[in-house]
Peer 1: 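First the structure, then my questions, so here it is.
Each ligand, and each atom within it, is numbered from 1 in the order the structure gives. All values derive from a computational prediction rather than experimental measurement.
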Amino acid sequence: NAALLLDGVEKVYNQGKPNEIAVLRGVHLEVSPGEVVAMVAPSGAGKSTLLHMAGLLDTPDAGRVTIAGDDLSGKSDRARTAARRSKIGFIYQFHHLLPEFTALENIVLPQLAAGVPKGEAQERALDLLGKVGVAARAAHRPGELSGGEQQRVAFCRALANQPGLLLADEPTGNLDPGTSDQVFDALMTLARDTGLAALIATHNLELAGRMDRVVRLENGVLVDA
Ligand code: ADP
Ligand code: ADP
């Protein structure tokens with residue numbers, strides 16, 4: 001099964017009004033387990049809209065969104081929310097870590113919410129922090145961490161509940177090149193080791209070129225870049 005399958009996905013904003021805009025006009029995309037796909041797009045092309053569809057945060061006007069073989073297109077909000085929480089991790093340009101909690105706690109909390117026992121959640125959090133080289137910062141609050149460290153903690157948090165699919169919107173946009181390489185290397189290693197699939201929107205063409213595949217969103221459709 002594909003980790004993510006978008007099949008003929010369409011999205012029109014302001015349908016029937018003078019300012020109607022067809023943002024997605026039949027998007028097809030298949031991301032296999034372990035595959036890391038870069039999506040490049042000019043600003044306003046619809047990459048956030050596409051990520052929201054893939055992340056089950058919004059529903060397409062036509063087409064199907066299938067996550068790990070589960071076609072969620074026609075399903076209830078409840079089913080979509082459950083699938084989103086258990087199968088998809090999100091990373092944003094700005095990390096949105098909880099400032100009052102330590103790095104470790106930020107990664108433990110979503111696991112507790114998912115019913116993982118505390119000891120197991122802490123073990124997994126420490127393991128993830130180790131994978132991205134910030135285990136020594138486990139007891140620090142976000143304000144005590146560098147931007148790159150914060151983003152790596154956000155990366156761990158996104159993967160805390162072991163989703164099969166990671167969606168990211170400019171995850172390295174506010175990082176210096178050295179730090180963005182660290183986050184990138186951690187992602188590629190996890191994809192190889194665990195079969196994690198990822199769709200990463202980025203303006204960084206150099207980084208995109210190092211991913212398994214690059215697609216470009218253009219005139220409402222995805223084309224191979
Ligand atoms: P990108 O992330 O590539 O910059 P977006 O997906 O945010 O693009 O937006 C694509 C187009 O759709 C833009 O023209 C934007 O103004 C429009 N748009 C996005 N969200 C809405 C909305 N909720 N209502 C109306 N138009 C929207
Ligand atoms: P919770 O209620 O447990 O925080 P949700 O099911 O609301 O989780 O959201 C799951 C994931 O989707 C979270 O990572 C959250 O940050 C992200 N998310 C929720 N709503 C939006 C949105 N409107 N735009 C972008 N990401 C969102």
Peer 1: Check whether any side-chain heavy atom of L190 sits under 4.5 Å from a side-chain heavy atom of L166, and report yes or no.
Peer 2: no

Peer 1: Provide the number and element of each atom of ligand 1 under 4.0 Å from a heavy atom of I21.
Peer 2: 14 (O)

Peer 1: Using a strict 4.0 Å cut-off to heavy atoms of K47, name the atoms of ligand 1 that fall inside it.
Peer 2: 1 (P), 2 (O), 3 (O), 6 (O), 8 (O)

Peer 1: Take D185 and R210 through the test salt bridge (Lys or Arg N to Asp or Glu O under 4.0 Å) and record every step on the way to the result.
Peer 2: CA-CA 10 Å; D185 291 344; R210 287 157 58 196; 3.8 Å; yes

Peer 1: Cut-off 3.5 Å, side chains only: do T202 and N204 have a donor facing an acceptor?
Peer 2: no

Peer 1: Would you find a donor on one side and an acceptor on the other, under 3.5 Å apart, between the side chain of R141 and the backbone of E100?
Peer 2: yes

Peer 1: Under 4.0 Å from atom 15 (C) of ligand 1, can you find at least one protein heavy atom?
Peer 2: no

Peer 1: Below 4.0 angstrom from a heavy atom of V23, which ligand 1 atoms are there? Numbered from 1 as shown, please.
Peer 2: 10 (C), 11 (C), 12 (O)

Peer 1: Output the list of atoms in ligand 1 that are nearer than 4.0 Å to some heavy atom of G46, sorted by atom number.
Peer 2: 1 (P), 3 (O), 5 (P), 6 (O), 8 (O), 10 (C)

Peer 1: Looking only at protein heavy atoms, identify the closest one to atom 4 (O) of ligand 1 and say how far it is in Å.
Peer 2: G44 N, 2.7 Å

Peer 1: According to the interplanar angle, ranging from 0 to 90°, do the rings of Y92 and H96 count as parallel (below 30°), tilted (30 to 60°) or perpendicular (above 60°)?
Peer 2: perpendicular

Peer 1: Using the side-chain hydrogen bond (donor to acceptor under 3.5 Å, both in side chains) criterion, which residues pair with D127? Sequence neighbours excluded.
Peer 2: K131

Peer 1: Measure the distance from atom 7 (O) of ligand 1 to every protein heavy atom, then report the residue, atom name and distance (to 0.1 Å) of the closest one.
Peer 2: S48 CB, 3.6 Å

Peer 1: Going by the closest heavy atom to atom 9 (O) of ligand 1, which one wins out of D58, N14, T49?
Peer 2: T49

Peer 1: What's the shortest distance from atom 17 (C) of ligand 1 to any protein heavy atom, and which residue and atom give it?
Peer 2: Y13 CD1, 3.9 Å

Peer 1: Under 4.0 Å from ligand 1, counting heavy atoms only, is it the side chain of L50, its backbone, both or neither?
Peer 2: neither

Peer 1: Quick one: do the R124 and Q111 side chains pair a donor with an acceptor below 3.5 Å?
Peer 2: no

